[in-house]
Chemist: 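Provided herewith is a single structure, encoded as structure tokens, for subsequent inquiry.
Computed from a predicted model, the values in this text were never measured in an experiment. Just so you know, ligand 1 is whichever comes first in the structure, and atom 1 is the first atom listed for that ligand.
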Amino acid sequence: MRRPFVVIGLGRFGGSVTQELIRQGAEVLAIDRDDAKIEAFREHVTSSVVADATDEKVLKELGVHEYTHVIVAIGNDIEASILTTLLLSELGVPDISVKAQNDYHARVLTKIGADRVLHPERDMGTRLAHNLMSKNIIDYAELSGQLSVMEMTVDEHKCGGTIGALELRRKYHCAVVAVCRNGTFFSSPPMTEVIKKGDILVVLGLTKDVYQLEQAMAHKKEG
Ligand code: ATP
């Protein structure tokens, strides 16, 4: 059976991915060419190695091809990031996620076999911008190229009304797929569900439709 996770590069991004995987009880092999980074994580990860991930022999010796997911979190050294991704792909790693520095880097990564290309800084910027559009937008995430999900509250005068009365489906082709209320969560709320003060509605839709809803909220026509 394959082992689960390898994280290559323990900078801020790779470090936080590693910490979260460990927090969730996963086994992680951490690789970084900087021994100070490895030292800082040594006690927490299952195993850790000071190594240059662009060295094919080293990757083979570490048995990286026996793992299911490899996260390449090498940032500034784009050449090293590309070469490492190529080697992982050639070694047959089934799931490769790579942090990209820019769009050109992302395109190359996709071509050479990255399964998931990550843009953490860009995505955080996008989320913040969405959050700033309206005080009612709590969070926003693009799930795929097409679908987006948004957490939103409604203005106080709309509390006491039903989800159906917001007409999100008719006006914006968006669905309220869940409600968070007082720390609890329930999915597929009926249209007749009465919105209570403090409710967070989880709204799903095509990215372009969620965008229209956000625009309306930003200009106070909705929410
Ligand atoms: P972050 O924003 O996540 O902090 P960054 O984008 O600034 O990272 P770097 O600090 O350049 O990126 O790289 C992240 C980590 O990757 C560093 O700890 C670095 O030592 C490690 N690293 C870079 N190149 C290699 C390599 N060839 N092999 C192994 N580790 C590497």
Chemist: Is the closest side-chain donor-acceptor distance between His44 and Gln19 under 3.5 Å?
Modeler: no

Chemist: Mind checking what residues have non-hydrogen atoms under 4.0 angstrom from ligand 1?
Modeler: Gly9, Leu10, Gly11, Arg12, Phe13, Asp32, Arg33, Asp34, Lys37, Ala51, Asp52, Ala53, Thr54, Ala73, Ile74, Gly75, Asn76, Ala80, Lys99

Chemist: Could you grab the distance from atom CD of Glu79 to atom NE2 of His105, nearest 0.5 Å is fine?
Modeler: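 So the CD of Glu79 and the NE2 of His105 are separated by 10.5 Å.
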
Chemist: Between the side chains of Glu90 and Lys60, is the shortest nitrogen-to-carboxylate-oxygen separation below 4.0 Å, so that they form an ion pair?
Modeler: no

Chemist: To which residues is Leu132 joined in a hydrophobic cluster, defined by side-chain heavy-atom contacts under 4.5 Å among Ile, Leu, Val, Met, Phe, Trp and Tyr, whether direct or through other members?
Modeler: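 Hydrophobic cluster check, Leu132: joined to Leu128.
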
Chemist: Under a 3.5 Å distance rule, please check whether Asn102 uses its side chain to pair with a backbone N or O of Tyr104 as donor and acceptor.
Modeler: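 Pair found, side chain donor or acceptor close to backbone of Tyr104.
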
Chemist: Taking the side chain as C-beta and beyond, is there a heavy-atom pair between Asp199 and Val154 under 4.5 Å?
Modeler: no

